[in-house]
Amino acid sequence: MTEEPELQQDAITTVREFFAAMELGAVAEAVRLLDPEIVWKNTSLPDVRGRDRVAALIRGLNRDWLGFSAEMHHIAAAGNVVLSDRTDVLRFGPVRIAFWVQGTFELRDGRIVLWHDHFSWANFLRGTLAGAYRAALRR
């Protein structure tokens with residue numbers, strides 16, 4: 001009976017480590033936490049299948065003019081399923097776009113096999129406009 005809370009904590013730790021690695025630009029570390037058969041789903045966008053394809057996109061988020069960070073508000077698990085409530089921030093040069101994301105992660109053998117993010121395009125647009133406005137004010 002004590003196995004389930006440990007499994008849940010391990011799953012939460014894996015997801016937290018994944019986001020920490022992405023924020024640090026430690027692509028190899030982030031990719032190590034992905035199952036070879038991972039599927040990354042985003043609201044209304046095409047699915048990304050396979051570790052190599054997901055790795056390429058993560059690598060693309062780590063450039064001088066483009067960056068990623070996430071503020072985790074809530075995270076919970078039931079077995080190998082982790083739910084996250086967070087604010088993601090995409091940085092395009094001086095423009096920082098902050099928007100709400102709810103993520104579902106499924107793990108297999110300690111690796112992320114499904115990464116399914118849900119977000120609102122309206123919220124993303126608001127974040128884009130606010131980020132562009134703040135960047136313009138800094139000039």
- Set of side chain to side chain contact (heavy atoms under 4.5 Å, CB included) partners for His73, sequence neighbours left out: Glu71, Asp85, Thr87
- Item | Thr128 (side chain) donor-acceptor with Ile97 (main chain) under 3.5 angstrom | no
- Message: Check the orientation of Phe105 and Trp115. Use parallel for under 30°, tilted for 30 to 60°, and perpendicular for over 60°.
- Response: parallel
- Query: Got a sec: does the CD of Glu37 have more than 12 other heavy atoms crowding it under 6.0 Å?
  - Reply: no
- Backbone N or O of Leu83 within a donor-acceptor pair of the Gln102 side chain at under 3.5 Å? no
- Parallel, tilted or perpendicular: ring planes of His118 versus His116, cut at 30 and 60 degrees: tilted
- Is Val39 close to Glu106 at the side-chain level, that is, under 4.5 Å between some pair of heavy atoms? no
- Residue pairs meeting salt bridge (charged side-chain N to carboxylate O under 4.0 Å, His left out), one or both in residues 48-60, sequence neighbours left out, come to Asp47-Arg49
- Neighbour count above 12 (heavy atom, 6.0 Å) for Arg96 CZ: no
- Note on the structure: On a heavy-atom basis, the closest approach of Ala70 and Asp88 is CB-OD1, 3.5 Å
- Under 3.5 Å donor-acceptor, Arg134 side chain and Val95 backbone: no
- Item | Single-linkage hydrophobic cluster Phe119~Met72, side-chain heavy atoms < 4.5 angstrom | yes
- Item | Shortest non-hydrogen contact from Met22 toward Ala30 | CG-CB, 3.9 Å
- Of all heavy-atom pairs between Trp100 and Asn123, which one has the smallest distance, and what is that distance? N-OD1, 2.9 Å
